[in-house]
S.K.: 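Structure below; questions to follow.
These numbers come from a predicted model, not from an experiment. Below, chain A is the first sequence line, B the second, and so on; all start at residue 1.
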There are 2 protein chains.
Amino acid sequence: MPKVISVQALQRLPLYLQYLKTLPDAANISARALGAALGFGEIQVRKDLASVSDGGRPKVGYVVAQLRHDIACALGYDNVNDAVLVGAGRLGRALMSYEGFSDYGLNIVAAFDADPAACGQDDSGKQVFPLEKLPDLCRRMKIEIGIVTVPARAAQGVCELLCESGIRAVWNFAPAHVTVPAGVLLKNENMAASLAVLSQHLAAEDSLSSDSEKEKAT
Amino acid sequence: MPKVISVQALQRLPLYLQYLKTLPDAANISARALGAALGFGEIQVRKDLASVSDGGRPKVGYVVAQLRHDIACALGYDNVNDAVLVGAGRLGRALMSYEGFSDYGLNIVAAFDADPAACGQDDSGKQVFPLEKLPDLCRRMKIEIGIVTVPARAAQGVCELLCESGIRAVWNFAPAHVTVPAGVLLKNENMAASLAVLSQHLAAEDSLSSDSEKEKAT
DNA sequence: ACGCAATCGATAATGTTATATCGATTTCAT
DNA sequence: ATGAAATCGATATAACATTATCGATTGCGT
């Protein structure tokens, strides 16, 4: 049953999972209740869940434990993905020391930086290596994910280096547009885009007196 | 001409702006060229630009300087938005010291943390205050944006505190689902959702031999 | 001048995502 | 047992976003 999961649904699944983790294993939950907790419609919830799970029971709902398992599997959280991080600046180090990634099957095995002064052992206990060592390490360890937290001007070069080193997915935090070869997935963590939504909301609200606003989330 | 800007378009606008900044003021650019640089179709570019600018000229394209101005205005980058940040952990401090926000009209005026040990002056030069001082400062300075970088369990409480203090937009980095009153915009910076896309891509590619992959970006 | 090529804008067609409707199934109370 | 309430899943409709088509405008070379 490898059903199609729409891109939008895919991004909601982690939210369901997050919420389900706060519930006891043995519990059941209805699509309505789940939706209410997260601010989604119940039909949407059913559709999303239908694409990863083989269904709930009428009058009872879904089994929490089962659902958690199904979502985690669909998202690939069950098999750990090793990753490297490039750019041991503030953001890079913040990500390196973030414990929560292991919940999502992500394991940052090492970091790299062009600046020798940034190399050595990080507070998090992880090693920061000179950039030159990246290709070799990636190939030897068969790393598939590269996290980019370098300044904008260095981003494209780093991406290319990663791709040449066998990376298959790039998670780009640099405020720059980068291109990757076909076959490599590029996910921009686009703070500017998020800010745009915030900023525009405030600007718009200033002009017109918006009457009914619903809870809006992403 | 306050035209409607679709949510999707809104999130692409910062990318255009980012790219336009690398171009000389006096230059012109066609929708085709702009699209090619960012990986979008030319028609989409025209539509996006049409919603913020009053048009380019045939055979010439758009005037770079004008376009930058129009996009910045549409996004509200022209009038600085003051913000406070709650949670001076690693991620919080990384954001505090990120210089680039000023390009987007965002100015983090102060940070707050429940832990007294975290208070005082940060490396970035900004002050970290005890959480109790938040409501007063927000009200006095008429702060409209709250950035939440606290652990998941504290997120909801902090959101409520912010909303009670007159905040009108919450930018939530905590890996937790939070709710806000109607009228307040909530934007979740959802790393788990991004990771889901990455992770699923890798898992999917492992099973089926995906033939033609196009560049995919967000 | 004149025609050609580039480019835009508007409208139409397509695709994707969200919501609504409805019948079927299961539990629980009587 | 039997009926009522809750809940699911499937199908249909509607909203939204992207891509295609086409005619109109402008600048440039001849």
S.K.: Taking DNA chain C as the partner, which of residues 20-29 of chain B come within under 4.0 angstrom of it by heavy atom?
M.R.: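 Output list: empty, so none.
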S.K.: For B:D48, give me all partners under salt bridge (charged side-chain N to carboxylate O under 4.0 Å, His left out), at least two apart in sequence or on another chain.
M.R.: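 Counting only residues at least two positions away or on another chain, B:D48 forms a salt bridge (charged side-chain N to carboxylate O under 4.0 Å, His left out) with B:R12.
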S.K.: Looking at A:K142 and A:D82, is any side-chain nitrogen of the basic one under 4.0 Å from a carboxylate oxygen of the acidic one?
M.R.: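 No, A:D82 and A:K142 are not salt-bridged.
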S.K.: Please list all pairs passing the ring pair (Phe, Tyr, Trp, His ring centres under 6.0 Å) test where one or both residues lie in residues 60-82 of chain A, with sequence neighbours left out.
M.R.: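 Qualifying pairs, neighbours excluded: A:Y77-A:Y104.
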S.K.: Do the ring planes of B:Y98 and B:F101 sit parallel (below 30°), tilted (30 to 60°) or perpendicular (above 60°)?
M.R.: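 Judged by the thresholds at 30° and 60°, the geometry between B:Y98 and B:F101 is perpendicular.
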S.K.: Could you tell me whether the side chains of B:N107 and B:S102 share a donor-acceptor contact shorter than 3.5 Å?
M.R.: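 There is no such pair between these side chains.
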S.K.: Not counting sequence neighbours, which residues clear salt bridge (charged side-chain N to carboxylate O under 4.0 Å, His left out) with A:E42? List them please.
M.R.: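 If we apply the salt bridge (charged side-chain N to carboxylate O under 4.0 Å, His left out) test to A:E42, skipping adjacent residues, the hits are A:R32, A:R46.
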S.K.: Here's a test of your reading of the structure: between A:D48 and B:R32, which maps to the more 5' nucleotide of DNA chain C?
M.R.: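 Its nearest nucleotide lies further toward 5', so the answer is B:R32.
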S.K.: Consider side-chain contact (heavy atoms from CB on, under 4.5 Å). Of A:I29, A:N28, A:D70, which one does A:V63 pass it with?
M.R.: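 Among A:I29, A:N28, A:D70, the one that satisfies the side-chain contact (heavy atoms from CB on, under 4.5 Å) with A:V63 is A:N28.
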S.K.: Where do N or O atoms of nucleotides 25-27 of chain D meet protein N or O atoms at under 3.5 Å, pair by pair?
M.R.:
unit_1	atom_1	unit_2	atom_2	d
D:dG27	OP1	B:R57	NE	3.3
D:dG27	OP1	B:R57	NH2	2.5

S.K.: Please classify the nucleic acid contact of A:A9 as base, sugar-phosphate, or nothing, using heavy-atom distances under 4.0 Å.
M.R.: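 No contact.
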S.K.: NA contact type, B:G41, heavy-atom cut-off 4.0 Å: base, sugar-phosphate, or nothing?
M.R.: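 No contact at all - B:G41 keeps every heavy atom at 4.0 Å or more from the nucleic acid.
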S.K.: Hey, what are the protein-to-nucleotides 10-17 of chain D N/O distances that come in under 3.5 Å?
M.R.:
none

S.K.: Tell me which one of A:V150, A:V148, A:T179, A:N172 satisfies side-chain contact (heavy atoms from CB on, under 4.5 Å) with A:Q156.
M.R.: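 Only one option passes, and that is A:T179.
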S.K.: Under the side-chain contact (heavy atoms from CB on, under 4.5 Å) test against A:I145, which residue among A:L85, A:L106, A:I167 passes?
M.R.: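 Testing A:I145 for a side-chain contact (heavy atoms from CB on, under 4.5 Å) against A:L85, A:L106, A:I167 leaves exactly one candidate, A:L106.
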